[in-house]
*Asks:* 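This is the structure I have questions about; it appears just below.
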Amino acid sequence: MSLRLYDTMTRSVREFVPRVPGTVGIYLCGLTVQSPPHIGHLRSAVNYDVLRRWLLHAGYQVTFIRNITDIDDKILEKSVAAGVPFWSLAYANERILADHYARLGVLPPTYEPRATGHVPEMHQLIEKLIEDGYAYPAADGSGDVYFDVTKFEAYGQLSGQRPDHMQASPDGPDRAKRDPRDFALWKGAKPDEPVEARWPSPWGPGRPGWHIECSAMCWRYLGPEFDIHGGGMDLVFPHHENEVAQSRAAGLPFARYWVHHGLLNLGGSKMSKTDGNVIDLPAVEASGVRAVELRYYLAAPHYRSVIDFSDDALQEAAAAYRRLEGFVQRATELVGGASPARKGRKPALNPAFVAAMDDDLNTSRALAVVHDLVREGNAALAAADKGAVSRILPEVRAMLDVLGLDPLSPQWSQSRGGELRGVVESLVALALEQRAAARARKDWAAADAVRDQLKAAGIVVEDTPAGPRWTVEKPGGA
RNA sequence: GGCCGUAUGCCCGAGGGGUCAAGGGCUCAGUCUGCAAAACUGAUGCUGGUCGGUUCGACUCCGACUGCGGCCUCCA
């Protein structure tokens with residue numbers, strides 16, 4: 001049994017066979033950094049992070065490229081409006097993006113190339129396309145270069161679009177196209193555009209078209225042919241369609257599997273900056289949901305299904321995650337916590353979990369396996385069955401680790417409060433002693449008062465057969 | 001107009017042609033507990049958008065319809 005993935009090109013689930021045994025090259029379309037990311041963007045990153053971790057777990061050497069589009073119409077427009085160079089706006093957003101990725105536990109890519117750093121590669125591709133008759137410089141002297149859609153017979157294969165059935169685009173300003181469906185490879189500089197947004201080219205100063213950058217960067221970092229190309233469903237057409245077209249026309253075999261994830265909707269339509277129906281990580285955290293809980297929320301449904309964002313569903317996901325987390329914490333308190341993996345040998349994963357993940361990354365089913373095992377673990381915990389607990393705990397953590405959700409991974413387990421932690425510990429210990437004394441003399445009112453006061457301070461006390469245990473509630477709570 | 005996708009209980013969300021339709025949340029009851037919390041156990045769907053068809057048998061396959069969403073213009 002091995003990984004099977006849904007491939008958009010063939011519209012079917014196919015067994016994943018890497019081009020070179022033992023290695024996988026993945027290209028994920030990252031963001032156009034025109035503004036800070038919303039959680040739809042983060043879903044993209046999390047979905048691919050799960051794929052990547054699953055491949056790593058399977059023993060592949062994974063080269064993961066995720067690009068940054070740091071020049072485009074909107075970036076330019078916004079930067080002009082703000083009176084700053086486009087690159088400063090792009091970079092500011094890029095840094096926020098990197099921070100949000102990191103806070104969600106998304107592994108850094110192998111490399112994160114920027115569009116503006118690959119203009120020479122784009123020129124090479126464009127020149128080849130012109131030479132071979134697939135592209136042409138506009139006849140109006142604008143400096144634009146267009147891809148000639150009619151010259152590439154397979155155009156429309158990825159998206160299932162038939163060029164003759166496509167709605168004519170209201171291509172107002174796009175002048176000298178031979179066919180309305182042709183798309184820009186290179187955009188000649190317009191007089192009112194900032195000089196810093198111009199690069200010299202054989203066709204005059206200008207800047208890259210949107211699609212060509214990805215073809216150039218795939219080629220540069222993954223070679224003429226690579227394993228997996230991905231992005232959101234909304235990129236299938238025209239972005240990915242155009243990418244394949246120009247890459248294949250230029251003689252590059254390009255991606256072997258196309259993996260697209262579902263979008264995240266809010267209020268009945270996809271979350272989008274342009275529509276303003278956007279929620280971002282800080283907003284989620286302000287509602288009392290931690291980053292790891294958001295990750296659970298984003299990773300639990302199948303990656304190809306649409307998520308209709310709702311605060312209720314997010315809270316439910318957070319509760320579900322806390323159940324898993326609670327077991328891991330209590331189990332670790334009982335039997336100690338050796339790291340599940342990274343010790344030469346990883347614990348064998350539950351076969352049902354493996355089967356679910358191999359089946360086009362069915363994280364829902366995989367998590368059901370985790371929950372089942374946690375129930376068993378909780379029962380063992382209640383019975384103080386150390387043997388069972390120490391068998392189950394590493395299994396649970398190993399599975400959660402594949403999903404980037406192991407509560408004890410350094411990513412999530414950093415204790416809040418830093419150096420004040422010790423102070424809090426001794427103060428709580430003091431309070432608990434008083435409560436223990438009150439309980440000993442059956443003064444329940446006094447005992448409960450202590451518990452209530454701690455609770456008000458954000459510290460939750462629970463009595464267990466092994467004595468009271470306490471945890472710090474979410475920050476800012478109550 | 002064209003191309004995709006989707007429709008599951010109070011909510012989120014999987015499955016597989018034929019044992020009880022995963023798992024989580026919520027609610028209720030029970031166990032444990034001084035109480036609480038956590039945990040565990042049990043309960044909650046004559047029904048799977050609608051209508052047809054295929055089949056011995058479909059929620060699961062096919063078709064139509066309806067609703068919703070995505071794309072055809074920048075978009076994860």
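Quick caveat, the model's predicted, so the values are computed rather than measured. Quick note on labels: first sequence line is chain A, next is B, and so on, each numbered from 1.
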*Asks:* Might you confirm whether atom OH of A:Tyr91 has over 12 heavy atoms from other residues, nucleotides or ligands at distances under 6.0 Å?
*Replies:*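 Not more than 12 within 6.0 Å, no.
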*Asks:* Expressed as a whole number of Å, how far does the P atom of B:U50 sit from that of B:A29?
*Replies:*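 The same atom, P, in both gives a distance of 34 Å.
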*Asks:* Name the closest nucleotide to the A:Ala368 side chain, picking from B:A22, B:G69, B:A76.
*Replies:*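 That would be B:A22.
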*Asks:* Would you check if A:Arg375 and A:Arg323 make a side-chain contact, meaning some heavy-atom pair closer than 4.5 Å?
*Replies:*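 Result yes, sub-4.5 Å side-chain heavy-atom pair found.
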*Asks:* Could you tell me the Watson-Crick or G-U partner of B:G5, where both distances fall under 3.5 Å? Say none if there is no partner.
*Replies:*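 Across any shown strand, B:G5 pairs with B:C68.
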*Asks:* Classify the ring geometry of A:Phe226 against A:Phe254: parallel below 30°, tilted from 30° to 60°, perpendicular beyond 60°.
*Replies:*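 Plane angle over 60°, so perpendicular.
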*Asks:* What is the per-nucleotide protein-contact pattern of nucleotides 24-34 of chain B, from the 5' end, where B denotes a base atom under 4.0 Å from a protein heavy atom, S denotes such proximity for sugar-phosphate atoms only, and - denotes neither?
*Replies:* BS--------B
*Asks:* Roughly, in whole Å, what's the span from CG in A:Asp234 to C1' in B:C3?
*Replies:*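 So the two atoms are 15 Å apart, to the nearest Å.
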*Asks:* Tell me what A:Gly268 touches on the nucleic acid: a base, only sugar-phosphate, or nothing, going by heavy atoms under 4.0 Å.
*Replies:*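 Sugar-phosphate, backbone atoms only, no base.
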*Asks:* To the nearest Å, how far apart are A:Arg322 CZ and B:A39 P?
*Replies:*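 Spelled out: CZ on A:Arg322 to P on B:A39 is 11 Å.
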*Asks:* May I ask you to say what A:Ser159 touches in the nucleic acid, namely base, sugar-phosphate or nothing, with a heavy-atom cut-off under 4.0 Å?
*Replies:*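 Since only primed, P, OP1 and OP2 atoms lie under 4.0 Å of A:Ser159, the category is sugar-phosphate.
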*Asks:* Nearest to the A:Ala379 side chain among B:C40, B:G70, B:A76, which nucleotide is it?
*Replies:*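 Shortest atom-to-atom distance from the side chain points to B:C40.
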*Asks:* Taking side chain as C-beta onward, heavy atoms only, is A:Leu314 less than 4.5 Å from A:Asp311?
*Replies:*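 They are in contact (side-chain heavy atoms under 4.5 Å apart), so the answer is yes.
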*Asks:* Let me know the distance between CG of A:Asp443 and C1' of B:C35, rounded to the nearest Å.
*Replies:*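 Interatomic distance, CG of A:Asp443 to C1' of B:C35: 13 Å.
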*Asks:* Nearest-Å distance, CD (A:Glu241) to C1' (B:U73)?
*Replies:*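 A:Glu241 atom CD is separated from B:U73 atom C1' by 16 Å.
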*Asks:* Side chain of A:Ser364: nearest nucleotide among B:A76, B:A22, B:A38?
*Replies:*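 Per side-chain heavy atoms of A:Ser364, the pick is B:A22.
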*Asks:* Heavy atoms under 4.0 Å, any strand shown: does A:Lys442 hit a base, just sugar-phosphate, or nothing?
*Replies:*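 The answer is nothing, as A:Lys442 stays clear of every strand by at least 4.0 Å.
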*Asks:* Pick base, sugar-phosphate or nothing for A:Thr464, based on heavy-atom distances below 4.0 Å to the nucleic acid.
*Replies:*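 Here A:Thr464 touches no strand at all.
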*Asks:* A:His229 vs A:Tyr257, test: ring-ring contact (aromatic ring centres under 6.0 Å, His included). Steps then yes/no.
*Replies:* CA-CA 6 Å; A:His229 189 131; A:Tyr257 296 82; over 10 Å; no
*Asks:* Ignoring hydrogens and geometry, is there a side-chain-to-backbone donor-acceptor pair from A:Ser142 to A:Gly188 under 3.5 Å?
*Replies:*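 Side chain of A:Ser142 to backbone of A:Gly188, a donor-acceptor pair under 3.5 Å: no, none is there.
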*Asks:* For B:C71 and A:Lys270 - does any side-chain N or O of the residue sit under 4.0 Å from the phosphate oxygens OP1/OP2?
*Replies:*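 Yes, A:Lys270 has a side-chain N/O under 4.0 Å of OP1/OP2 on B:C71.
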*Asks:* Between B:C35 atom C1' and A:Asp452 atom CG, what is the distance in whole Å?
*Replies:*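 Interatomic distance, CG of A:Asp452 to C1' of B:C35: 11 Å.
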*Asks:* If you check the A:Leu264 side chain, which of B:A14, B:A76, B:G2 turns out closest?
*Replies:*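 Ranking B:A14, B:A76, B:G2 by closest atom to the A:Leu264 side chain puts B:A76 first.
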*Asks:* Can you tell which of B:C72, B:A14, B:G70 lies closest to the side chain of A:Pro238?
*Replies:*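 Of B:C72, B:A14, B:G70, B:C72 is nearest to the side chain of A:Pro238.
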*Asks:* With RNA chain B as reference, determine whether A:Val461 or A:Val369 sits nearer its 5' end, using the nearest nucleotide of each.
*Replies:*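 Upstream on the strand: A:Val369.
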*Asks:* Round to the nearest Å and state the distance from A:Asp360 atom CG to B:A14 atom P.
*Replies:*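 Distance, rounded to whole Å: 12 Å.
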*Asks:* Using modelled atom types only, decide if a donor and an acceptor are shared between the side chain of A:Arg52 and the backbone of A:Phe64 within a distance under 3.5 Å.
*Replies:*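 No; zero donor-acceptor contacts below 3.5 Å.
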*Asks:* Give the rounded distance in Å between these two atoms: CG of A:Asp275 and P of B:A76.
*Replies:*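 Taking atom P of B:A76 as the reference, CG of A:Asp275 is at 13 Å.
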*Asks:* Rounded to whole angstroms, how far apart are CD1 on A:Ile307 and P on B:C11?
*Replies:*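 Going from CD1 in A:Ile307 over to P in B:C11 covers 18 Å.
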*Asks:* At under 4.0 Å between heavy atoms, what does A:Ser310 touch on the DNA or RNA strands: base, sugar-phosphate, or nothing?
*Replies:*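 Nothing: the residue A:Ser310, judged by heavy atoms under 4.0 Å, touches no strand.
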*Asks:* With heavy atoms under 4.0 Å as the rule, sort A:Gly326 into base, sugar-phosphate or nothing.
*Replies:*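 No contact.
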*Asks:* Does A:Arg162 make a cation-pi contact with A:Tyr155 (under 6.0 Å, within 45 degrees of the axis)?
*Replies:*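 Pair A:Arg162/A:Tyr155 does not count as cation-pi.
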